[in-house]
Amino acid sequence: MHFEQNNELKMNLETTIGTVVAQAVETLYGLKIEANQIQLQKTKREFEGELTVVIFPFVKAARKSPEQTGQEIGEYLQKNNPVVSAFNVIKGFLNLSISQNYWLETLVQIHGDAQFGITPVTDDSQLMMIEYSSPNTNKPLHLGHIRNNLLGFSIAEIQKANGWKVVKTNIVNDRGIHICKSMLAWKLFGNGETPESTGLKGDHLVGKYYVVFDKAFKAEIKELMDTGMSEDDAKKSAPLILEAQKMLLAWENNDAEVRQLWETMNGWVYAGFDKTYKQLGVDFDKIYYESETYLEGKSEVERGEANKAFYRREDGSVWADLTGDGLDEKLLLRSDGTSVYMTQDIGTAKLRYNDYPINKMVYVVGNEQNYHFQVLALLLDKLGFEWGKSLVHFSYGMVELPEGKMKSREGTVVDADDLMEEMIDTARETSQELGKLDNCTPEEIETIARMVGLGSLKYFILKVDPRKNMTFNPKESIDFNGNTGPFIQYTHARIKSVLRKAADQGIDFTSLKDTNLSVSEKESYLIQLLTEFPAVVRQSGEEFSPALIANYIYDLVKEYNQFYHDFTILKEENEALKQFRLVLSESTATIIKTGMKLLGIEVPERM
RNA sequence: GGUCCUGUAGUUCAAUGGAUAGAACAAGUGUUUCCUAAACACUAGAUCCGGGUUCGAUUCCCGGCGGGACUACCA
C-alpha cells in the first residue's frame, strides 16, 4: 500500500464518525452497513457544523422521516462520540459540530509535522516511470509542450509525495523524416548559418529551416499541380521530399556526411532545449533518444514477423493486423525498410523495462495520440510482453487559442521561451508599479519576478482538469489577481512577513500551549481545511490530477485571506490566542509551500 | 462513414448521485491613521435540447444538436 498515511487526520475523523454512524444504524434500525459506505461530506457553509451525514440511505430501514431519523442518529452520535459536540438536522442531512478541542489538538499535530501530507518513499516503494516532454528536434518548444512538461513534472512530484519511487524520463525524437527536412533545408538554403552567427537559440534556428522546407516543398507541389498532376501525386513526387527520403535512408545507413550534419544540428537544438527546460524548472532522470532505440524496435518488429504476429506485404513493408481487435492495420516498417514512430516506441518500451524494475509505466502524451497508445499496448502484448497492456497513457487535453488550434503554418504557435519571458517581464513591471520590492537587491527582484511570472503561467495551466482541452489567451495574458498563482504566492509572502515580525518581537509560536482556547468559526474551519491536505494529495495521485491540489490551495488561501482581513494576529491581546493564530498561520504557509511544490511552483518569502 | 472526447454566468474554470450549482476575470460600488490593498466586502449574471434510472441528476443511461480529436509508408 503506497497510500497509507501516518497522519491522516481527516481520515481518522471520518473513520471514527463513520464507524459510530454504522453502529447507530445497526443498533437503532438493525441495518448492517460498512463504515466506509456511510456518506460523509463537508457541511455547506450556510449551515452550522463541520461534517454532514447523509441520512437518506437509512430512511427505508428506519421507517421514519428523514428528519426524525437524522435526529435519532445525531443523538446516538453525541452520546457515543466525544468529538461530536452538537448537531442539527435539516431535511435529510445530519450536520455535526466537532469539538474545538479536537480541532486545536489536530492543529498541534499538523504544525509539528513538517512533512504533513507527504508519504515518505522507502526501499519497498514501487517504481513508477513517467515519460513526458518528448520533443522533436526539428522545432522549438511551444505552449502545448509547456502543458505537457508542467503536467509531467507535477505528476512526478505528486506520485513521489504518495510514496512512489519515480523515474522521470524523456524520449527525444531525434531522427526521422521530419528531422531530415530541416537538415535538407539548412543544407540547401542555410548559407552555413549557426546559432553563433545569427544569435538565434539553436532550437529556433533549426525550427526556422523546418519552416523553410515546408514553404519550398509547398511551392514545388503547386508547380507540379499546375502541370496537371494530382495533389497526392505531387506530394509524393516533389523533388524535395524525395531528397529528404534519400537523406533518411542515408542516415539509417550511417552515411558519414549526413550523420555529421545531424549531430551538429541536434547539438544546437539540445543546447536550446536545455535552456528552456531549465527556465521552466523541469528535469529528467533518464533521457532516451529515438536514434538509440529504433533499432531495438526494428528487431522486435522482425521478431514479431517471424512469429507471425505481424506480416510483410509484397512491397516489403511490415504491418500488424489489428482488425480482430476492432482497429485497423498498422504500418510498422516502411517498404524501404525505414522505421516509423510506432517502431521506435516498441523498442523504447522494451529497453526501459530492461533498464528499470518498472511497476507502472506512464506516458504523458496528448489525447490526439489516444489511438497510438491503444495500438502500442496491443502490439507489445502481441510481442509477448506481459506488461504491454498495463501501460498507462495519461492523456491530457490540447491547449487552444481563442482563434482555435495552434497552427505553425499560420504562425499562431505560442513559443515557450517567448511566453515565459513575457510572464517574467510582466511580473517585474507589476512589482515595480506596486513598489513592493523597493528595498530588494536587483538579484532578489529578478528571482522574485521569475518566481511570480512562472508561478502565474504554471498555475494557470495546472489548475485546469488535465483531461480537458483548455483555452489560453496570450493577448489578455494572465492575470495576477484572483484565482492565480501570484495570489497564492502573495498570501504566502504575507504570512511569512507576519511570522518574521513575530519572531522579531520574540514571540514563541513553536507550539500551542493551550488547546482549550475558544476560537472563531473561521479559525476552526481553517484547521479543518488544513486536515484535508493529505487526502487531496492522495486523490490527486490516484486521479493524476494536479488540478485538485491547485484548487485546494486556492480554497485554503482564499479562506486564509478572509481570516487575515477579519482578525488581528500580532495585536491580539490574549497571548494564547495570539500564539494560536501564529501557529495557524505558519501551518497554512507550510501547506501552501508544500502544495505549490507539488505543482512545481516556488513561493517567495516576500513579494 | 467508424472510434473516442467534450458542451455550466459575457469570458476562463469548479462541483465522491445530495441541501439555494461554487470561484475568478470583465462591469458597478465600498473598505487602508491597522500584521503586505497582488487583499477584503457587496451588487448583477449559468447547467445545449428531449426522454429514462433514482427519495434526489450538472454528474449515470438513451436519443438529438453543437464543438474537438483520431482513423497516414506524419510525429
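As the structure is a prediction and not an experimental result, all values here were calculated from the model. Here is how names work: the chains are called A, B, and so on, in the same order as the sequence lines, proteins then strands, and each is numbered from 1.
Comparing A:F93 and A:N173 by the nucleotide of RNA chain B that holds the closest heavy atom to each, the one mapping nearer the 5' end is A:F93.
Here, B:rA26 and B:rG51 have their C1' atoms 38 Å apart, quoted to the whole Å. To the nearest whole angstrom, the two C1' atoms, one in B:rU36 and one in B:rC42, are 24 Å apart. Comparing the same atom, C1', in B:rU31 and in B:rG22 gives a spacing of 24 Å after rounding to whole Å.
Comment: A:D425 engages A:R428 in a salt bridge, judged by a side-chain N to carboxylate O separation of less than 4.0 angstrom. With salt bridges taken as basic N to acidic carboxylate O contacts below 4.0 Å, none links A:K405 and A:E400. Salt bridge status for A:D504 with A:R500: absent, with no side-chain N to carboxylate O gap under 4.0 Å. A salt bridge does not link A:E573 to A:K578: none of the charged side-chain nitrogens sits closer than 4.0 Å to a carboxylate oxygen. A salt bridge is defined here as a Lys NZ or Arg NE, NH1 or NH2 lying under 4.0 Å from an Asp or Glu carboxylate O, and A:E532 with A:K42 meets this definition.
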Distances under 3.5 Å only, N/O to N/O: pair up the protein atoms with those of nucleotides 13-15 of chain B.
residue: B:rC13; atom: OP1; partner: A:T471; partner atom: N; Å: 2.7
residue: B:rA14; atom: OP1; partner: A:D465; partner atom: N; Å: 2.5
residue: B:rA14; atom: OP2; partner: A:K468; partner atom: NZ; Å: 3.3

Check nucleotides 55-61 of chain B for protein N or O atoms closer than 3.5 Å to its own N or O atoms and list the pairs.
none

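Checking B:rG45 for Watson-Crick or G-U wobble geometry (two distances, each under 3.5 Å) identifies no partner in any strand. Across all strands shown, B:rA69 forms a Watson-Crick or G-U wobble pair, both distances under 3.5 Å, with B:rU3. Within the shown strands, B:rA39 is the pairing partner of B:rU31 under the Watson-Crick or G-U definition, both distances less than 3.5 Å. Across all strands shown, B:rA19 forms no Watson-Crick or G-U wobble pair with both key distances under 3.5 Å. Here B:rU11 sits opposite B:rA24 as a Watson-Crick or G-U wobble pair (both hydrogen-bonding atom distances under 3.5 Å). Base-pair partner of B:rC60: B:rG52 (Watson-Crick or G-U wobble, both distances under 3.5 Å).
Residue-level contact check: A:V54 touches the bases, meaning some heavy atom is under 4.0 Å from a base atom. Here A:N95 lies in heavy-atom contact (under 4.0 Å) with a base. Heavy atoms of A:Q369 sit under 4.0 angstrom from at least one base atom. Counting non-hydrogen atoms under 4.0 angstrom, A:R606 reaches a base of the nucleic acid. Residue contacts for A:K501: at a heavy-atom cut-off of 4.0 Å it reaches the sugar-phosphate backbone alone, with no base atom in range. Residue contacts for A:A493: at a heavy-atom cut-off of 4.0 Å it reaches a base atom on one of the strands shown. A:F487 comes within contact range of the sugar-phosphate backbone alone, with a heavy-atom separation under 4.0 Å but no base atom that close.
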| field | Worked check of side-chain contact (heavy atoms from CB on, under 4.5 Å) between A:Y289 and A:T293 | value | CA-CA 7 Å; A:Y289 296 90; A:T293 67; over 6 Å; no
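The aromatic rings of A:W251 and A:Y294 sit tilted, their planes meeting at an angle between 30° and 60°.
Aromatic stacking of A:Y564 on B:rA39: not satisfied for centres closer than 5.5 Å together with planes under 30 degrees.
Of the candidate nucleotides B:rC70, B:rC40, B:rU20, B:rU20 has the atom lying nearest to any side-chain atom of A:K91. Listed candidates were B:rA19, B:rU36, B:rA23. Nearest to the side chain of A:Y554 is B:rA23. The side chain of A:R334 has B:rC74 as its nearest neighbour among B:rC35, B:rC74, B:rC25. When each of B:rA38, B:rC4, B:rA75 is scored by its nearest atom to the side-chain atoms of A:N370, the top-ranked nucleotide is B:rC4. Comparing atom distances between the A:H372 side chain and each of B:rC70, B:rA75, B:rC25 picks out B:rA75 as nearest. With B:rA41, B:rG18, B:rC25 as the candidates, the nucleotide lying closest to the side chain of A:Q562 is B:rA41. Taking only side-chain atoms of A:E46, from C-beta outward, the nucleotide of B:rA19, B:rU36, B:rA72 with the closest atom is B:rA19.
The side chain of A:S497 places an N or O atom within less than 4.0 Å of a non-bridging phosphate oxygen (OP1 or OP2) of B:rU36. Residue A:Y371 has no polar side-chain atom (N or O) positioned under 4.0 Å from OP1 or OP2 of B:rC70. Close to B:rA37, at under 4.0 Å from its OP1 or OP2, lies a side-chain N or O of A:R494. Using a 4.0 Å cut-off, no side-chain N or O of A:K578 falls inside it from OP1 or OP2 of B:rC35.
Each of A:Y132, A:Y371, A:Y363, A:F373 was checked for a ring-ring contact (aromatic ring centres under 6.0 Å, His included) with A:H393, and the lone residue meeting it is A:F373. With respect to A:Y554, the side-chain contact (heavy atoms from CB on, under 4.5 Å) criterion is satisfied by exactly one of A:I549, A:T484, A:N483: A:N483.
Remark: A:R45 is positioned above the aromatic ring of A:Y525, its terminal NZ or CZ atom under 6.0 angstrom from the ring centre and at most 45 degrees off the axis. Taking the ring axis of A:W262 as reference, the NZ or CZ atom of A:R175 does not stay both within 45° of it and closer than 6.0 Å to the ring centre.
Put simply, the side chain of A:S431 and the base of B:rA38 share a donor and an acceptor less than 3.5 Å apart. Side-chain to base pairing of A:T484 with B:rA38: no donor and acceptor N or O lie closer than 3.5 Å to each other.
In terms of modelled atom types and a separation under 3.5 Å, the side chain of A:S154 and the main chain of A:L151 share no donor-acceptor contact.
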